[in-house]
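A quick write-up on the structure given underneath.
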Amino acid sequence: MRVVDLFAGLGGFSAGALEAGADVVLGVDSDPVPLKLWCANVPGGVARLATLGSGGDQVDLPSAAPDLHVHASSPCTDLSCARGASATRDDISRGVSMLRWCLDLVLERGDISWSIENVSTPTTRETLVDYTARFPTRVAFASVDAADHGACQTRTRLIAGPPELIRKLQEMPSARRVSVREAFGSAGLQLRSTHFKNQTRS
């Protein structure tokens with residue numbers, strides 16, 4: 001399977017695709033710093049420095065095909081709950097516009113295999129409810145906790161894709177969760193502290 005990674009950053013999705021045996025052929029991002037890291041992480045992939053979205057740069061993507069997967073991690077900062085009260089209506093509107101742009105892109109191209117990742121908030125879920133109502137055979141979504149799939153943190157994300165892909169994602173068994181104490185212990189290390197705190201409000 002060939003993979004195109006839009007809003008690629010330094011290549012988190014691309015790294016997973018490579019580990020799964022895919023051929024990551026293209027990564028697009030507007031920030032040259034993470035894109036350079038993407039290049040280092042994806043040998044043989046072509047990097048494009050471009051601003052995506054309505055009114056953005058024109059980027060030639062491979063034509064839709066059964067062996068092509070298009071992934072887009074549309075910008076989520078403007079939509080994130082972490083912004084709290086600092087997010088303005090314009091910020092949220094901009095975030096929703098980018099999410100809609102990604103959905104419209106894969107639908108207009110006729111991509112068979114595709115995925116979109118974003119934060120799971122009432123606003124993003126409402127947007128996806130709209131698309132699933134209008135395109136019930138082409139669009140589905142789920143809120144997924146990355147820890148259930150083996151990630152080392154609890155991180156709930158909204159994943160959109162074709163109904164069959166989302167169904168398979170929901171049918172996957174949960175990974176066994178490991179505590180920080182257990183992870184350190186299995187590596188032969190001792191915790192230096194009895195507690196730790198991250199930077200989030202909760």
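Given the structure is predicted, the values throughout are model-derived calculations rather than measurements.
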Problem - E182 atom CD: more than 12 heavy-atom contacts under 6.0 Å - result: yes
Exercise for the section: Check the side chains of W38 and S14 for a donor-acceptor pair under 3.5 angstrom, ignoring hydrogens and angles. Expected result: yes
Problem - Passing candidate, salt bridge (charged side-chain N to carboxylate O under 4.0 Å, His left out) with R2, options D67, D23, D111 - result: D67
Fill in the blank from the handout: Heavy-atom closest pair (A50 atom, V28 atom, distance to 0.1 Å) is CB-CG1, 4.0 Å
Exercise for the section: Could you check L158 against E117 for side chain to side chain contact (heavy atoms under 4.5 Å, CB included), going step by step and ending with a plain yes or no? Expected result: CA-CA 6 Å; L158 180 141; E117 174 195 2; over 6 Å; no
Problem - Same apolar cluster: L26 and L49, side chain cutoff 4.5 Å - result: no
Exercise for the section: Return the minimal non-hydrogen interatomic distance between C39 and A47, and the atom names on each side. Expected result: SG-CB, 3.3 Å
Handout entry: Salt bridge present between R134 and D130 (N-O < 4.0 angstrom)
Key = yes
Handout entry: R48 CZ: over 12 foreign heavy atoms closer than 6.0 Å
Key = no
Problem - Connected via hydrophobic side-chain network under 4.5 Å: W114 and V59 - result: yes
Problem - Flag if over 12 foreign heavy atoms under 6.0 Å of CD, E19 - result: no
Practice task
Could you tell me whether E164 and R167 make a salt bridge, using a distance below 4.0 angstrom between a side-chain N and a carboxylate O?
Solution key: yes
Practice task
Indicate whether the side chain of R157 and that of S120 have a donor and an acceptor atom separated by less than 3.5 Å.
Solution key: no
Practice task
Examine distances only and state if a side-chain atom of S97 and a backbone atom of S93 form a donor-acceptor pair shorter than 3.5 Å.
Solution key: yes
Problem - Check: N118/S74 side-chain N/O donor and acceptor closer than 3.5 Å - result: yes
Practice task
Mind checking the CG-OH spacing from L99 to Y131? Nearest 0.5 Å is all I need.
Solution key: 7.5 Å
Handout entry: Heavy-atom pair with the smallest gap, counting every atom of Q170 and A142
Key = NE2-CB, 3.5 Å
Practice task
Kindly check if the number of other-residue, nucleotide or ligand heavy atoms within 6.0 Å of CZ (F184) is above 12?
Solution key: no
Problem - Geometric class of the H69/F13 ring pair [parallel <30°, tilted 30-60°, perpendicular >60°] - result: parallel
Problem - T127 side, atom OG1; L103 side, atom CG - distance, nearest 0.5 Å - result: 8.0 Å
Exercise for the section: Kindly say whether T156 contributes a backbone atom to a donor-acceptor pair with the side chain of D145 at under 3.5 angstrom? Expected result: no
